[in-house]
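Worksheet for the structure shown next.
Quick note: residue numbers are just sequence positions, from 1.
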Amino acid sequence: MKVIVVGAGISGLSTAWALSKRGHAVTLVEQGPIPNPRSASGDHHRIIRRAYGSATGYGHAITEAYDAWDDLWDDLAHSHLDARGFLCVSREAGDEAEDFLTGLQAGGYPFEKLAPREAAECWPFLDAGAMRFAYVSAEGGALHCRRIAFDMVGWLRKHGAVVRENARVVAVDEDRAAIRLEGGETLSADRLVICTGAWVTKLFPDLAADLTAYRTAVVYLRPPNDLAQVWSGAPVILDVGGNTDGYIIPPSGEGGLKFGSGLHKFASADADSRREPEPGEGEAIRDLFSPPMLRIKEYQVESVVTCAYTFTPDETFFAVERGSCLVVSACSGHGYKFGAAVGRRVADHIERPDFARLIAFLRAEAA
């Protein structure tokens, strides 16, 4: 079967990989370079973790995600996972960190709960007085996005896939499985898979009713000198408690110490707008983390990276099928960790159509 995959973020790359492994003729089309630093998958590193709230099935789905990543590492002959575990901090009753803990308990997944003083002794960048409790688990770490994309493109080309970089799609013919590129060139196939992330509503404006694009940003920081060694060996931090919705990735791979918060996002009708960091933006993100981070003003801003994501109202993944075209949006801020598994599931559907089964997986309603 001839398949065109549009978008070379992790979902598009993984779909192209899974289909190529099964012998299909794949063309991967990306509007920029691969990896594209402007895409949601284009930063240095992203978190993988077992912890999810008790009301979602994504914690269970991580088992399949790990299996898919292991399949990919075998093909690439190299793992791009820094399995350093994860840490959560609860500061208020009922905060997200506590909900994550309930999810771990309900699933019977491993973790170690720590009193505030124990946590601060292990990681002295934490303020014991600002915490109710903390907990750690080995089932998490950092995925090195740019290394993954670079190696996946090499694998795809080696295995016969056609990779078109800097080729912007401006129109989609859903029934004929055809796309038109900027400049007028037309490509056609048996099936189309669209994985364009926050740019999807440019091709399908009506999907704005289901998918809201947000412009976000993360900040890379240089910690105080006396804490640099502690950070180098720290786990990823999923949540710092309260309503901060904050996550931290310690230095890993080529990526430095990264702070990001779900509070720092703005709805945007255009994924290409406001992509330059704004004055003081890095400091504003950094300061959201005190409490529970001590001495936050001593962390120096090294760079700010803007991102564009799509979110569904319930923050699950999204797909719709129209004619010979499948649109997949595995975002809502937590899609990367499932990328390899999403690619395999999409390939399953392309070969043996079962849209209900695909949707159940994307919404974490079934394993």
Using the ring-ring contact (aromatic ring centres under 6.0 Å, His included) criterion, which residues pair with Phe86? Sequence neighbours excluded. none
Measure the acute angle between the ring planes of Phe317 and Tyr58, then classify it against the limits of 30° and 60° as parallel, tilted or perpendicular. tilted
Quick one: sort the Phe338 and His334 rings into parallel, tilted or perpendicular, breaks at 30° and 60°. perpendicular
Interatomic spacing from [atom1] in [X] to [atom2] in [Y] - rounded to 0.5 Å:
X      : Y     : atom1 : atom2 : value
Asp190 : His24 : CG    : NE2   : 10.0 Å
Arg157 : Leu28 : CZ    : CG    : 9.0 Å
Tyr52  : His60 : OH    : NE2   : 14.0 Å

Shortest non-hydrogen pair, Thr186 vs Ala178, comes out as CG2-CB, 4.4 Å
Closest non-hydrogen atoms of Pro277 and Val304, given as atom of the first, atom of the second and distance, are CG-O, 3.5 Å
Under the 3.5 angstrom rule, does the side chain of Trp69 hit a backbone N or O of Lys337 as a donor-acceptor pair? yes
Looking at [Y] and [X], is there a salt bridge between them, counting it only when a charged N and a carboxylate O are closer than 4.0 Å?
X      : Y      : value
Glu351 : Arg22  : yes
Asp173 : Arg180 : no
Glu281 : Arg275 : no
Arg344 : Asp67  : yes
Arg322 : Asp206 : yes
Arg345 : Glu64  : yes

Scan for side chain to side chain donor-acceptor pair (under 3.5 Å) pairs involving residues 115-127, sequence neighbours excluded, and state none if there are none. none
Given side chains that start at C-beta, do those of Arg164 and Leu187 come closer than 4.5 Å, heavy atoms only? yes
With the side chain counted from C-beta on, respond yes when Ile48 and Leu81 share a heavy-atom pair under 4.5 Å apart, and no when they do not. yes
With Leu362 as partner, the option from Val346, Val342, Thr316 fulfilling side-chain contact (heavy atoms from CB on, under 4.5 Å) is Val342
Taking His44 as the fixed residue, which of Arg146, His144, Lys258, Arg147 is the one that meets the side-chain contact (heavy atoms from CB on, under 4.5 Å) rule? Arg146
Do Leu211 and Phe204 sit in the same hydrophobic cluster, where Ile, Leu, Val, Met, Phe, Trp and Tyr count as joined when their side-chain heavy atoms come under 4.5 Å apart? yes
Taking the hydrophobic residues Ile, Leu, Val, Met, Phe, Trp and Tyr, and joining any pair whose side-chain heavy atoms are under 4.5 Å apart, which ones share a cluster with Tyr214? Tyr309, Phe311
